[in-house]
Student: 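This structure is in C-alpha cells; I'll ask about it shortly.
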Amino acid sequence: GGDLQAEPDGTCYMLFNGILTWQQAQAQCLGVGANLVSIDSAEEQVIVGELAGSFPIGQPDLWTGGSDAALEGSFVWIDTSALSYTKWRAGEPNNNGGDGIAENCMVIEGDNPAREWDDRRCADAYPSICER
C-alpha cells in the first residue's frame, strides 16, 4: 500500500513504493481494482505531481500508465486513449536509454520541480501511481 488521495470526482490515486517493472506495476494496480495513472489535464498533472513528490528516497521516478509498446512513437494510456495533455521533459520521449533497448513506458519524475515525464525501459523497476 501507500499514500491515498481521493478527489471530489471520486477518483482515487495510490502511490505504491514497491520497486516493480511496468507490467508488474500494472498488475499490482489491477489487484486493487485500479490502473496505472493516466494524466489527462493540467489539473490532474498537479494532483499526480504532488503525489509523485513524496517518492521513496532514491527512487524519484514513478510509473504512469503511458506506453508506446503497441506503436513506437505513439504513446497512449493504459486504456488505449490518446494523450490529450502532455508534460514531457524537453527532448523526451527519445526512446533511448543509451543501450539500444527501446524505452516504451512512461514515468513521472518526482524530483523534477515541474514533474515532467520521460520514457523508460519497461523492464526497469520503479515505484508507481495507480488510479481508480
Student: Taking Ser67 for the side chain and Asn104 for the main chain, is one N or O donor matched with an acceptor at less than 3.5 Å?
Tutor: yes
Student: Apply side chain to side chain donor-acceptor pair (under 3.5 Å) to residues Glu43 and Tyr85 and explain how you reach the verdict.
Tutor: CA-CA 10 Å; Glu43 293 75 22; Tyr85 166 88; over 6 Å; no
Student: Heavy atoms, side chains only, cut-off 4.5 Å: are Asp40 and Trp77 in contact?
Tutor: yes
Student: Hey, is the main chain of Val107 close enough, under 3.5 Å, to the side chain of Asp118 for a donor-acceptor pair?
Tutor: no
Student: Does Arg115 reach the main-chain N or O of Val48 with its side chain, forming a donor-acceptor pair under 3.5 Å?
Tutor: no
Student: What heavy-atom pair brings Arg121 and Ala102 nearest, and what distance separates the two atoms?
Tutor: CG-O, 3.6 Å
Student: Do you see a donor-acceptor pair shorter than 3.5 Å between the side chains of Gln26 and Asn35?
Tutor: yes
Student: Which atom names give the shortest non-hydrogen contact between Gly66 and Trp22, and what distance separates them?
Tutor: O-NE1, 3.8 Å
Student: Can you tell me if Asp79 and Ser81 form a side-chain donor-acceptor pair at under 3.5 Å?
Tutor: yes
Student: Quick one, Asp68 and Asp119 - any side-chain contact, counting heavy atoms below 4.5 Å?
Tutor: no
Student: I'd like to know if the side chain of Trp63 and the backbone of Leu20 have a donor-acceptor N/O pair within less than 3.5 Å.
Tutor: yes
Student: Does some side-chain heavy atom of Glu131 sit less than 4.5 Å from a side-chain heavy atom of Ile47?
Tutor: no
Student: Sub-3.5 Å donor-acceptor pair from the side chain of Glu103 to the main-chain atoms of Asn96, do we have one?
Tutor: yes
